[in-house]
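For clarity, every value in this text was computed on a predicted model and none was experimentally measured. Note that ligands are numbered from 1 as they come in the structure, with each ligand's atoms numbered from 1 the same way. FYI, side chains are in, hydrogens and waters are out, and symmetry mates aren't considered; it's all heavy atoms of this structure.
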Amino acid sequence: MGPPGVGKGTQARKLTERLRVPHVSTGDMLRDAVHDGSVLGRRVRPFLEAGQLVPDELMEELIVERLGRQDAKQGFILDGFPRTADQVITLDRVLGRLGATLDRAFVLTVPEAELVRRLSGRRVCPGCGALYHIESRPPASAGAKRLRPKALVQRPDDQEDVVKHRLEVYRDQTLPVIRAYSDRSLHVEVDGTGDPDAVSRRIDRGLAAV
Ligand code: AMP
């Protein structure tokens, strides 16, 4: 969990590789639906483009279907869900039905100026979803996979005015979710600044206690 641009996607992908459980990113699922032009995609597109949250009823359908799939039986990394108090209740219900429990809620933190810098320079490979940054992780950087650099795109919701709105939505709707997990002692705060591998080691220390 954490505000837009804090590194949730990057860290969730790393965890997925290490733990060999699926990365369940509601943002990626919604963007895929928009890209495919499905019925769901057409319904959610205006919300994504405006940086608003998709209504809870639609999110419930999406998450129930995803967590019920076979590949989620041994666990999963949730990225971007739950984001509202209602979604916390939905998740509790779904986990109860699956006989699963939440091990940890990692909350990444980064100063707001850094979030804006990260989001405005973020670029995405439309094919595989790999993330780049025009300054700190340019396409030509070491470790970047074979690329067609011109094809990288900026997410429409990474434009400055939409970013500001997403940060407000986060403060209003998602901070209470973090408080809920902190009340249950599931919440582990992790400094999200610096090199992604350093952040990942901080997360590992929190995981070691699971
Ligand atoms: P993300 O990639 O997690 O930043 O999500 C991108 C956008 O997808 C958000 O700004 C919302 O419009 C939508 N979205 C993703 N996850 C959720 C969620 N749990 N509830 C509502 N909307 C969501």
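Of the possible polar contacts, none joining the Lys14 side chain to the Gly9 backbone as a donor-acceptor pair under 3.5 Å is found. Between the side chain of Arg137 and the backbone N or O of Leu131, at least one donor-acceptor pair lies under 3.5 Å. Arg202 places a side-chain N or O within 3.5 Å of a backbone atom of Asp191 that can act as its donor or acceptor partner.
The shortest non-hydrogen separation linking Leu119 to Gln154 is O-NE2, 4.4 Å. Of all the heavy atoms in Arg31 and Leu48, the pair that sits closest is CG-CD2, 3.8 Å.
Under 4.0 angstrom from ligand 1, there are no non-hydrogen atoms of His165.
Nearest-heavy-atom check against atom 22 (N) of ligand 1 across Leu78, Val54, Asp157 picks out Val54. For the residues Leu30, Leu53, Thr84, Leu91, the heavy atom positioned nearest atom 14 (N) of ligand 1 is part of Leu30.
For ligand 1, the polar-atom distance check finds no N/O of Asp28 at less than 3.5 Å from any of the ligand's N/O atoms. Close N/O approach between Lys8 and ligand 1 is not found [any backbone or side-chain N/O within under 3.5 Å].
Counting protein heavy atoms only, atom 9 (C) of ligand 1 is closest to Arg83 NH2, 3.8 Å. Looking only at heavy atoms of the protein, atom 7 (C) of ligand 1 is closest to Leu48 CG, 4.0 Å.
Against a heavy-atom cut-off of under 4.0 Å, Gln87 is close to the following atoms of ligand 1: 18 (C), 19 (N), 20 (N), 21 (C). Counting atoms of ligand 1 from 1 in the listed order, those under 4.0 Å from a heavy atom of Gly80 are 16 (N), 17 (C), 18 (C), 19 (N). Numbered from 1 in the order shown, with element, the atoms of ligand 1 that lie under 4.0 Å from a heavy atom of Gln52 read 11 (C), 12 (O). Annotation for ligand 1: atoms under 4.0 Å from non-hydrogen atoms of Arg166 are 4 (O). Near Thr26, meaning under 4.0 Å from one of its heavy atoms, ligand 1 places the atoms 15 (C), 16 (N), 17 (C), 19 (N). Taking a cut-off of under 4.0 Å to the non-hydrogen atoms of Arg155, the atoms of ligand 1 that pass are 1 (P), 2 (O), 4 (O), 6 (C).
In the model, Thr84 has a side-chain atom that pairs as donor or acceptor with a side-chain atom of Asp56 under 3.5 Å.
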Apply the test salt bridge (Lys or Arg N to Asp or Glu O under 4.0 Å) to residues Asp92 and Arg184: give CA-CA distance (whole Å), side-chain angles for both, the deciding distance (0.1 Å), then the verdict.
CA-CA 12 Å; Asp92 285 340; Arg184 298 184 196 181; 2.8 Å; yes
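Between Asp157 and the options Arg45, Lys164, Arg166, a salt bridge (charged side-chain N to carboxylate O under 4.0 Å, His left out) holds for only Arg166.
Ionic pairing of Arg117 and Glu114 is present here: one or more N-O contacts between side-chain nitrogen and carboxylate oxygen are shorter than 4.0 angstrom.
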